[in-house]
Enquirer: 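If you scroll down you'll find the structure; I have some questions about it.
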Amino acid sequence: MKKIIISSVFFLSFIFIAVSCGGDKKDPYADTDTDTDTDTTADTGETGDDDTTDTGDTPEKPDNENTANDCNYSSADNRLKPKNEELLFSGVLFGEQSLTKYIYIMNRCYACTDADPLVIKGISIVDKSGNEDAGTFKIESNPVANGPVNLKNDEEIEIGISVVASTWEEQIRYLKIDSNDKCKKDSGFLIPLTAQTKPSGRIEVKTMDEDEDDDVLVFTDVISESVQDVIVYNKGTANLKLSSVVISEGLSKSSSEPGFFIKDAPEPGVSIAPSEELTLNIGCYNDKEYPVPLTGELLIVNTDPTEYGKNANKRISLKCGPNVEKYPTAKLKCEPETVSVFQWAVLDGSGSTDSDGESKENLKYLWSFSTTPGGISLDIVDDSNRAGSPLNGDPSNKISRAAFQAKMKGSYTVRLIVINEQGISSKPEECTIEAVSDDDLAVKLLWNNKNSDIDLHLIRPDGEFGDLVSDCYFWNCSPQYSGERPDWGVEGDTKDDPFLDIDNTNGIGPETVTINKPDNGTYTVVVHAYDTSKGPSTAVVKAYAHGVEEKTATLLMNQTDTCWDVFKIEVSDGSGDDAKKKIKITEITPAEVHECSRPTH
């Protein structure tokens, strides 16, 4: 009996050794058996990929495990292994670019030598037939842009990808990794990239007049009353709500007063279903015997969030009366287009002309802001007298060259309308100035639920969360509140003090904390879920050193008064002629939330 048992054990041991030496060692990180051959050959039909809005056809999972010539890995083979099998971009608004997401590629080898690494030779984006075609995907961070990269066992590289939502349909492409992986060196390793546009309303307006420009509605007949149609279309995939439809300029208060009116105006909040339309009846009153040229504006406030909300306040220029087609032309140039915070930007409208295309002497200039960072109010002034009175909203001034001082980082869009001697106004002309900072350290927070209130905190070395002296947050760091500002580093020196641009309580950010010249030490970045009672929100935090994005982290926040400790930021003195600070940003792992007390101020 003992002999039988001993013989059985010996026989089983022999089988185990034979299998173990068979040359194929299972990857503990693999999702499936790497030896299993499956028939998922990619479709090689025509794709029509010259069109960047092509959806890439039906998504197919690449068969990265089906290798030619019955290829098997041994324990000493370099093997390309992605940490994520696919990359999904969901909830991107139409016409907008997504945040950058990352794919991590590593060398999974068990007995490789440093002298024989995995070589990543190239990275590209292809369609399902293998043709190089990025569509609207973009490689933001390419570690092999300057040449091949060698990876030893367990070493990894990071590839950053973004996409522009150019279609309502799902977009499919593949990230192709070319390497010396013996089983994929001919076909490359493919990782699916999928982009799903967030359903939303999208406004499109058609003016039913003889003028081809749908941003202008012209009443050409000189009569006491004229009504024309303006059709509002919803070209999106969700309901479009019109919050209000009003005559914002040139309103007639009665039928005896020349001006513009809305006949049977829609109720505030009316919705237009996808692919449906709503007709507005826009009218003009004029003097039948002595008509005058009239100009005005129709404003349609709506819920179109696409293309960064550029059409959420849709404006249509209105023109009525004799010679109204002969309107002046506004020309606006921003100098420079990028400024530092607290620097002046010059707004040059001197190229504007009257309807003859030449004369300028009788023009008046109506200056205003379309957008400012956080909606802050700023004065536009005469460039030759920057201490003078504001020009904003004054249609009587003749200042063609103006200026403003950028008070905080972000985009400023300036609007100019010129008005001639007959009172006829031009189409609006806009230009955008981007205010940037030369700050050594910046941290930005965004989130995806506008009904949530998420706050950003930057805590100085040896500081505490919620402490008014050592924690920079909405109460003591933003310009909206009256709390005492933190004085970090050298007392009285503001360059080493933190600054929060805005406390965004009814949007999705961004909120940005900056320090121009931070003092040495280790800082902590914390995100606080101030209020998630109306739904959870995914927080995205980006950290910048010397203006370059170094780290991005993402986490779901679903409980009020919980915190996420995101980054540790080590600042030390630099070396060399430029003497830049050394800034090392480290993500705190594991990324998780914990209960925290709400700041008392």
Side-chain angles (χ1 to χ4, degrees), residues 93 95-100 136 138 140 162 164 166 215 306-315 328-353 360 363 365-388 390-394 397 399-418 426-442 444 446 479 499 501-502 504 507 509-512 514 516 542 544-549:
L93 288 170
E96 297 188 10
Q97 184 172 356
S98 71
L99 298 171
T100 299
T136 58
K138 181 181 179 183
E140 298 285 356
S162 70
V164 174
S166 62
D215 287 330
T306 65
E307 296 184 73
Y308 305 97
K310 77 171 189 178
N311 290 314
N313 293 310
K314 185 65 179 177
R315 302 175 188 271
T329 301
K331 292 185 178 180
L332 178 59
K333 184 178 181 180
C334 294
E335 300 176 326
E337 294 182 350
T338 301
V339 299
S340 297
V341 175
F342 300 118
Q343 182 181 345
W344 286 83
V346 176
L347 316 171
D348 187 1
S350 61
S352 305
T353 58
K360 305 177 180 182
L363 293 179
Y365 298 80
L366 178 59
W367 296 98
S368 63
F369 283 105
S370 290
T371 60
T372 59
I376 63 171
S377 297
L378 285 176
D379 291 339
I380 298 175
V381 297
D382 184 351
D383 184 43
S384 64
N385 180 21
R386 294 181 176 179
L391 305 177
N392 309 53
D394 180 6
N397 82 80
I399 305 301
S400 64
R401 188 176 172 89
F404 76 93
Q405 186 183 30
K407 295 295 181 68
M408 61 189 295
K409 290 186 296 185
S411 295
Y412 300 78
T413 301
V414 179
R415 193 167 188 249
L416 172 64
I417 296 174
V418 294
S426 68
K427 290 174 56 178
E429 182 76 0
E430 294 184 345
C431 69
T432 299
I433 299 97
E434 188 74 20
V436 298
S437 174
D438 60 351
D439 299 316
D440 284 352
L441 175 61
K444 180 183 292 186
L446 306 100
F499 176 80
D501 60 352
I502 189 173
N504 195 320
E511 294 184 4
T512 306
T514 57
N516 187 253
K542 296 174 174 287
Y544 302 78
H546 306 295
V548 177
E549 181 183 330

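Everything quoted here is computed from the prediction, not taken from an experiment.
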Enquirer: Report yes if some heavy atom in the side chain of Leu416 is under 4.5 Å from a heavy atom in the side chain of Trp367; otherwise report no.
Expert: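 Leu416 reaches Trp367 side chain to side chain.
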Enquirer: Is there a side-chain contact between Ser352 and Thr329 (heavy atoms, below 4.5 Å)?
Expert: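 The answer is no, as the side chains (C-beta and beyond) never meet within the 4.5 Å cut-off.
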Enquirer: To the nearest 0.5 Å, what is the distance between OG (Ser98) and NZ (Lys138)?
Expert: 11.0 Å
Enquirer: Okay, side chain of Asp379, backbone of Val381: is any donor-acceptor separation there less than 3.5 Å?
Expert: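 Side chain of Asp379 to backbone of Val381, a donor-acceptor pair under 3.5 Å: no, none is there.
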Enquirer: In the structure I gave you, are the side-chain heavy atoms of Tyr412 and Val339 within less than 4.5 Å of one another anywhere?
Expert: no
Enquirer: Can you tell me if CD on Glu307 sees more than 12 non-hydrogen neighbours from other groups inside 6.0 Å?
Expert: yes
Enquirer: On a heavy-atom basis, which atom in Lys360 and which in Tyr365 lie closest, and how many Å separate them?
Expert: O-OH, 4.5 Å
Enquirer: Heavy atoms, side chains only, cut-off 4.5 Å: are Arg401 and Ser350 in contact?
Expert: no
Enquirer: To the closest 0.5 Å, what do you measure between CG (Asp383) and CH2 (Trp344)?
Expert: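 These two atoms lie 8.5 Å from each other.
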Enquirer: Is the shortest heavy-atom distance from the side chain of Asp215 to the side chain of Lys314 under 4.5 Å?
Expert: yes
Enquirer: Should Asn392 and Phe404 count as side-chain neighbours, where that means a heavy-atom distance under 4.5 Å?
Expert: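 They are not in side-chain contact.
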Enquirer: Heavy-atom distance under 4.5 Å between the side chains of Val414 and Ile380, does that happen here?
Expert: yes
Enquirer: If you take all heavy atoms of Arg386 and Val346, which pair is closest and at what distance?
Expert: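 Answer, listing the atom of Arg386 first, then Val346: NH2-CG2, 3.8 Å.
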Enquirer: Taking Asn397 for the side chain and Asp394 for the main chain, is one N or O donor matched with an acceptor at less than 3.5 Å?
Expert: yes
Enquirer: Dump the intermediate steps for side-chain contact (heavy atoms from CB on, under 4.5 Å) on Ser411 and Ile433, then the final yes or no.
Expert: CA-CA 6 Å; Ser411 295; Ile433 299 97; over 6 Å; no
Enquirer: Looking at every heavy atom in both Gly349 and Leu332, which two are closest together, and how far apart are they?
Expert: N-CD1, 4.3 Å
Enquirer: Under 3.5 Å, is there a donor-acceptor pair between the Glu140 and Ser162 side chains?
Expert: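 A pair is found: one side chain offers a donor N or O, the other an acceptor, under 3.5 Å apart.
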Enquirer: Could you pull out the closest heavy-atom pair between Glu430 and Arg415, with the gap in Å?
Expert: OE2-CD, 3.5 Å
Enquirer: Once you round to the nearest 0.5 Å, how far does OG1 of Thr353 lie from NZ of Lys331?
Expert: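 One finds 6.0 Å between OG1 of Thr353 and NZ of Lys331.
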Enquirer: How far does CG of Leu347 sit from SG of Cys431, to the nearest 0.5 angstrom?
Expert: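 SG of Cys431 is found 6.0 Å from CG of Leu347.
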Enquirer: Should Thr306 and Asn311 count as side-chain neighbours, where that means a heavy-atom distance under 4.5 Å?
Expert: no
Enquirer: Let me confirm one number: the CD-NZ distance from Glu429 to Lys333, rounded to the nearest 0.5 Å.
Expert: 13.0 Å
